[in-house]
Amino acid sequence: MKVVLTGASGLLGPALVASLRADGHDVVRLVRREPAGPGEARWDPAAGTVDPAALTGADAVVHLAGVGLASRPWTPAHRRAVLDSRVQGTTTIAKRVADHGVRTLVSASGVGYYGNPGDQVVDEESPRGSTYIAEVAAAWEAATEPAVAGGARVVLARTAVVLSAKGGAYGRLLPLFRLGLGGKLGSGRQWWSWVALGDYVRAVRFVLDHDELAGPVNISAPEPLTNAEMTAAMGRVLHRPTLFTAPGWAMRLPLRDFAEDLLGGQRVVPRRLLDAGFDFAHPRFEPALDELLAQHHPRTTS
């Protein structure tokens, strides 16, 4: 296949590019700067432009680009940047997908779409939540409509927090836990949905290959856990205490509305992936974390 990718420099993009290219697929990375070689092409989401040559003959577009939720302090300006980057970028990609007749668009979204439903198990049929992040996710997904109207198969990849030591939430948490400074957020009773980076890559490739999948698809491990369970598992695997607790009131001061999403959570199951026959290599958090740390810090044997 020829696959065009945005967001290729983030946490998820490089792993997906490497996997596709290892199997002989042609991958074109869309970049905002001057392209550095034949594997890159220029796009400008604010101006609504994409190099036409990049999309000519493309079988699929995987759209991952967007300002990180926790990349800066959660100020009104950052909130606006988070929303604008998703809506502008997705609208641009969706329109160009329609213009060029690209068959498949896989567009990133998040499990934050479901808001904070408490202990309720949610799948792709569950309603949208009412938090700010849920509103962002809904606008993000709605921006794919031009591609749907143009006849493309659009997959809304509602992705959980990705387990990786290279970046994202766990890239920030692991150093704290290694120092013995890890602990619960608030009560710890909120559900945390997650997915191993390798399973994320395999899931995206799975939906690329399965034409019957369209609309929302949860990319989340089938066994979510509470924040307290996750904290305890990280302590066991890292052999560190997890005595600290970040009180809810203290988190609300700097994080404002974002604190409600961190102190809430979603108990997500990947119903559509499982029904389609996808097999998770890492369905449980603690073994996945143990393997991840073994890869980055190999254990020596005598």
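- Heavy-atom minimum distance, Glu135 versus Ser130: OE2-O, 3.9 Å.
- Surrounding CZ of Arg271 are at most 12 heavy atoms belonging to other residues, nucleotides or ligands under 6.0 Å away.
- Under the salt bridge (charged side-chain N to carboxylate O under 4.0 Å, His left out) criterion, Arg267 pairs with no residue at all, not counting sequence neighbours.
- Follow the hydrophobic side-chain contacts under 4.5 Å out from Leu225 and you never reach Val122; the two are in separate clusters.
- Each of Gln266, Glu124, Glu141 was scored for a side chain to side chain donor-acceptor pair (under 3.5 Å) with Arg158, with one residue passing: Glu141.
- Side chain of His78 to backbone of Leu69: a donor-acceptor contact under 3.5 angstrom is found.
- Remark: Thr104 pairs with Arg153 by the side chain to side chain donor-acceptor pair (under 3.5 Å) rule, at least two apart or across chains.
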Exercise. Going through the checks in order, is the side-chain contact (heavy atoms from CB on, under 4.5 Å) test met by Leu16 and Leu12?
Worked result: CA-CA 6 Å; Leu16 182 57; Leu12 309 178; over 6 Å; no

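- For Thr6, the side chain to side chain donor-acceptor pair (under 3.5 Å) partners are His63, not counting sequence neighbours.
- Two residues are said to be in side-chain contact when any heavy atoms from C-beta on lie closer than 4.5 Å; Ile93 and Leu30 meet this criterion.
- At a threshold of 4.5 Å between side-chain heavy atoms, the hydrophobic network of Ile, Leu, Val, Met, Phe, Trp and Tyr places Val204 and Val195 in one connected group.
- Remark: His210 pairs with Phe206 by the ring pair (Phe, Tyr, Trp, His ring centres under 6.0 Å) rule, at least two apart or across chains.
- The structure places CE of Met230 at 13.0 Å from CH2 of Trp191, a figure rounded to the nearest 0.5 Å.
- Arg202 is listed as a side-chain neighbour of Phe278, based on a closest heavy-atom distance under 4.5 Å.
- Of all heavy-atom pairs between Pro283 and Pro222, the closest is CB-CG, 3.7 Å.
- A perpendicular orientation is assigned to the rings of Trp192 and Tyr170, their planes being inclined by more than 60° (bins at 30° and 60°).
- Side-chain contact between Trp140 and Leu156: absent, with no pair of heavy atoms (C-beta onward) separated by less than 4.5 Å.
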Exercise. Please walk me through it: do Leu105 and Val102 pass side-chain contact (heavy atoms from CB on, under 4.5 Å)?
Worked result: CA-CA 8 Å; Leu105 169 62; Val102 179; over 6 Å; no

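- One distance of note links CZ of Arg33 with CZ of Arg42; it measures 9.5 Å at 0.5 Å rounding.
- Contacts of Asp84 classified as salt bridge (charged side-chain N to carboxylate O under 4.0 Å, His left out), with partners at least two apart in sequence or in another chain: Arg80.
- In this structure, Arg284 CZ and Leu289 CG are separated by 12.0 Å, a value rounded to the nearest 0.5 Å.
- Closest approach of Ile219 and Ala157 over heavy atoms only: CD1-CB, 3.8 Å.
- The closest side-chain heavy-atom distance from Phe177 to Val237 is not below 4.5 Å.
- At a threshold of 4.5 Å between non-hydrogen side-chain atoms, the residues Asp211 and Arg103 count as touching.
- When all heavy atoms of Ala54 and Val28 are compared, the pair lying nearest together is CB-CG1, 4.1 Å.
- Here the side chain of Ser220 pairs no donor or acceptor atom with the backbone of Ser193 at under 3.5 angstrom.
- With rounding to the nearest 0.5 angstrom, the CZ atom of Phe285 is 9.0 Å from the CG atom of Leu292.
- The closest donor-acceptor contact from the side chain of Arg240 to the backbone of Leu238 lies under 3.5 Å.
- To the nearest 0.5 angstrom, Arg236 atom CZ is 11.0 Å from Asp290 atom CG.
- For the side chain to side chain contact (heavy atoms under 4.5 Å, CB included) test with Met1, the passing option among Asp26, Asp23, Leu208 is Leu208; the others fail.
- Of the possible polar contacts, one joining the Asn116 side chain to the Gly265 backbone as a donor-acceptor pair under 3.5 Å is found.
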Problem set entry | CA sep, side-chain torsions, deciding dist, call: Leu5, Leu64, side-chain contact (heavy atoms from CB on, under 4.5 Å) | CA-CA 7 Å; Leu5 186 85; Leu64 305 179; 4.1 Å; yes

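- In this structure, Arg272 contributes its side chain and Pro216 its backbone to a donor-acceptor pair below 3.5 Å.
- Side-chain contact check for Leu293 versus Leu174: some heavy-atom pair is nearer than 4.5 Å.
- Residues Val27 and Leu11 are members of one and the same hydrophobic cluster, defined by side-chain heavy-atom contacts under 4.5 angstrom among Ile, Leu, Val, Met, Phe, Trp and Tyr.
- Here the rule is side chain to side chain donor-acceptor pair (under 3.5 Å) with Tyr114, and of Thr131, Asn218, Asp123 only Asn218 fits it.
- Both Leu197 and Leu20 are assigned to one and the same hydrophobic cluster, defined by single-linkage of ILVMFWY side chains at heavy-atom distances under 4.5 Å.
- Nearest heavy-atom pair, Val97 versus Ala147, reported as atom, atom and distance to 0.1 Å: CG1-CB, 4.0 Å.
- For Val136, the side-chain contact (heavy atoms from CB on, under 4.5 Å) partners at least two apart in sequence or on another chain are Val82, Leu83, Arg86, Tyr132.
- By the 4.5 Å heavy-atom criterion applied to side chains, His100 and Pro52 are counted as neighbours.
- Proximity of a side-chain donor or acceptor of Gln190 to a complementary backbone N or O of Gly188 within less than 3.5 Å is detected.
- With hydrogens and angles disregarded, no donor-acceptor distance shorter than 3.5 Å links the side chain of Lys2 to the backbone of Leu55.
- By the 6.0 Å contact criterion, CD on Glu212 is enclosed, its count of non-hydrogen atoms from other residues, nucleotides or ligands being greater than 12.
- The backbone N or O of Glu223 sits less than 3.5 Å from a side-chain atom of Trp194, completing a donor-acceptor pair.
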Problem set entry | Intermediate values then yes/no, side-chain contact (heavy atoms from CB on, under 4.5 Å), Val207 and Leu273 | CA-CA 8 Å; Val207 300; Leu273 279 177; 4.1 Å; yes

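- The nearest pair of heavy atoms linking Val67 to Ala81 is CG2-O, 3.9 Å.
- Counting non-hydrogen atoms of neighbouring residues, nucleotides and ligands closer than 6.0 angstrom, the CZ atom of Arg21 exceeds 12 such neighbours.
- Distance check, rounded to the nearest 0.5 Å: CG of Leu163 to NE2 of His282 gives 9.0 Å.
- Transitive grouping of hydrophobic side chains (ILVMFWY, heavy atoms separated by less than 4.5 Å) brings Val106 and Leu213 into a common cluster.
- A distance-only check finds a donor-acceptor pair linking the side chain of Thr231 to the backbone of Asn227 [under 3.5 Å].
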